[in-house]
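Below you'll find the structure, written out as structure tokens, and then a few comments.
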Amino acid sequence: MVGTRNAIKAIGTSTLTLHSCCFAFDFGHRPNTTWRAMTRKLHEVFNEAGLPEITYVPPAEAQQLKGSLATPGKHVTLVGPSGSGKSTVANRVLESLSLSSNKVHGFSGRSYSQVTSILEILGAEFDVAPSLEEIEPWLKAFEIIMIDDVHHLNLEARTELASHLKLWHEKGIRFFMIGIAKTSEAILGQDPELAIRNDAWNIGKQSPEFLARIVAKGEDALNVRFTETGRDLAIEAAQGSPSILQAICRITCVQADVLEKAESQATEIDVDLPLIRTAVVRQYDGRYLNKIVSLARGRRQARSVHDTYFRIIEQVAVSGKDQISRDELYHKIVGSKDARQKSQVRNSFYRALTNLPTVIEENGLSDILIYENGTLTIDDPVFRFYLDHLDFSRVRSQVNVRRLGYEFDVAVSFAGPDRTTVVRLVEALKERGLEVFYDFDQQALLWGKDLREELGKVYGQEAQFMIVCLSKDYPERDWTNFELEIGRQAASKRTEDYLLPLVVGDSRPAIVGLPGTVGHLSLADRSIEDVADLVLDKFQALPALVPESEDKGAELAKAGASE
């Protein structure tokens, strides 16, 4: 809310002037006696968005947090997952200590997520130059500087904040930081000197008894009674999250047409869990669905045409677990494939895991999904609940998952003297998430095999496209002539384009069996990056297969290529 607070501004070296500016946190506005006598509205009692004060239940950590905030000197950090009620607890504790708005300056890290310097942020807050000399008199004017959603600050800004906290501690300047993380170290780093100057408290999942107290407060406020079975179902479904419980209770009341306090005899209501779960998922669609879809598509700058990211998030969803290991994901996604397909899927799987932290960060999920030390962890019970009840076909329909049954997306055919150029092309294709057959990458596969037979399979059956890298040397090599002949036979049986001629030399050579009328590209007027983008465009233009047709589609593709 917008309120006023008194603040100081240094003028010269000794004169201080008072003025007023905005303050974002709400202290000292608890319901008064007159308001309490008024009719309660449902949203004032159960509301997952705000964790209403009427149904506020202090967690066990609240008293210890109060002790830390009441003790001069130390900084304080409060962490916990989304929906755990951190901000509500923080405001209630500050209020109980009579720390009103003229004693606390607060702001949200969300407002400064793109700023890389904490001094720039504080300078903007106090409308002064971003220097210690200008900022510190303002910091000293308040008993506490409170940063909500501190995890939204840029990593550089958080690192700089941590470096200054040690010095500010010695000057009597105190910070109270609230954020989403498993530990305070995840927000501020692991500096042992800072640890002894910072009291850290973690609000986690709550017990069934704790959640039952929330329900009881809501029943009294609305003059309703949940059936015993309904109450137990709601508490179990909430999985320790006050936010989920608030949503379940609110939606249950809506279904029972309880929109405000009943003035007559208490109304008994029950929980229709399947209906409630559907409604709760709908409530959180806006927060999570687009992010999940984007994650399932892979990296923003290199959209994979494969379904690996989709399979990863799908397995996390169906597992029902808060943590799932790399080995378990490998077993589910790669382990059941046949020997030849497994190579492609395995490569794509490990490449996806390498990029997974970046993809999570790009899609704004780093608050709730953590991949480190070979384990993918959900650090948000609301997100876990959402995944448990989300119809994943909604994600699939938006991701446009394709499984066309080819081991390689692209096979490159080239003459040895052109290898330097082809290597750059191969790397550009891989950066876009494509699986490329390039002979040096497949030494283990080819070692000891009949090369004519093996390469015949690759260029005839196992690639979606074949890029023919044309130069003056291409027609002069026996292996390139062999590869092109196999490719021509395969192209005659495909319903879609297969051979993609690319001139990598000075001019396009005349090659028997490759008409000059076939559309081609040339590196003389296209960059390698342009060519790779166009190959990706061709993939993205291919039709998607419905899930039930995936296995059949793969069989038909291979059968057609081998006729």
Side-chain angles (χ1 to χ4, degrees), residues 81 181-182 186 239 288-409 430-435 441 444 545 547 550-551 554:
K182 294 171 67 177
Q239 302 174 6
Y288 297 126
L289 183 58
N290 287 341
K291 292 181 178 181
I292 293 173
V293 170
S294 188
L295 174 63
R297 289 173 177 160
R299 297 185 62 186
R300 290 181 181 177
Q301 301 304 320
R303 288 297 192 202
S304 173
V305 298
H306 296 284
D307 62 357
T308 309
Y309 289 101
F310 174 85
R311 295 300 180 194
I312 289 173
I313 193 64
E314 182 184 44
Q315 287 303 321
V316 171
V318 302
S319 73
K321 299 177 179 180
D322 292 332
Q323 291 187 324
I324 185 166
S325 70
R326 174 182 54 207
D327 292 342
E328 183 174 352
L329 287 172
Y330 181 94
H331 174 73
K332 296 291 186 181
I333 297 172
V334 183
S336 61
K337 307 300 181 184
D338 61 58
R340 293 196 65 85
Q341 191 182 20
K342 183 175 289 188
S343 174
Q344 176 196 9
V345 177
R346 180 174 58 246
N347 292 340
S348 182
F349 173 78
Y350 282 122
R351 185 156 53 246
L353 286 188
T354 298
N355 294 319
L356 189 56
T358 300
V359 177
I360 290 172
E361 179 72 25
E362 285 180 344
N363 291 293
L365 289 167
S366 54
D367 295 346
I368 55 182
L369 268 182
I370 302 167
Y371 180 68
E372 59 185 14
N373 299 324
T375 300
L376 186 60
T377 300
I378 295 178
D379 197 33
D380 180 354
V382 178
F383 186 61
R384 177 68 269 170
F385 180 92
Y386 182 79
L387 287 179
D388 286 342
H389 305 294
L390 174 65
D391 177 359
F392 228 73
S393 66
R394 298 172 61 199
V395 179
R396 176 185 287 273
S397 66
Q398 295 189 55
V399 173
N400 198 28
V401 174
R402 297 190 314 101
R403 298 285 300 282
L404 297 182
Y406 295 103
E407 181 170 353
F408 300 102
D409 299 317
K430 289 179 179 179
E431 287 173 1
R432 286 152 180 77
L434 296 169
E435 300 291 346
D441 289 342
L545 298 180
E550 289 178 356
D551 292 338

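All values below come from the heavy atoms of this structure, side chains included, with hydrogens, waters and symmetry mates left out.
Counting heavy atoms from C-beta on, the side chains of Asn363 and Ile292 never come closer than 4.5 Å. Put simply, the side chain of Glu314 reaches to within 4.5 Å of the side chain of Arg396, judged on heavy atoms. Side-chain contact check for Arg384 versus Val316: some heavy-atom pair is nearer than 4.5 Å. At least one side-chain heavy atom of Gln398 sits under 4.5 Å from a side-chain heavy atom of Leu289. For the pair Thr377/Leu369, no side-chain contact is recorded, criterion being any heavy-atom separation below 4.5 Å from C-beta on. Between Leu353 and Tyr330 there is no side-chain heavy-atom pair separated by less than 4.5 Å. Residues Ile313 and Val359 are not in side-chain contact: their nearest non-hydrogen atoms beyond the backbone lie 4.5 Å or more apart. Two residues are said to be in side-chain contact when any heavy atoms from C-beta on lie closer than 4.5 Å; Tyr288 and Ile368 meet this criterion.
Of the possible donor and acceptor atoms, none in the side chain of Ser294 sits under 3.5 Å from a partner among the backbone N and O of Asn290.
Rounded to the nearest 0.5 angstrom, Ser319 OG and Lys332 NZ are separated by 9.0 Å. Put simply, CG on Asp409 and CZ on Arg432 are 13.5 Å apart, with the number rounded to the nearest 0.5 Å. The distance from the CG atom of Leu365 to the CD1 atom of Ile370 is 11.5 Å, given to the nearest 0.5 Å. A distance of 6.5 Å separates CG of Leu295 from CG of Leu356, quoted to the nearest 0.5 Å. Between atom CG of residue Leu376 and atom CD1 of residue Ile360 there is a gap of 5.5 Å, rounded to the nearest 0.5 Å.
Scanning all heavy atoms of the two residues, the minimum distance from Ile333 to Gln315 falls at CG1-CG, 4.0 Å. Between Ala317 and Asp388, the shortest heavy-atom contact is O-OD1, 4.2 Å. Closest of all the heavy-atom pairs between Tyr371 and Arg326 is OH-CD, 3.7 Å. Nearest heavy atoms, Val395 versus Ala296: CG1-CB, 4.3 Å.
Thr375 and Asn373 share no donor-acceptor pair across their side chains, judged by distance under 3.5 Å alone.
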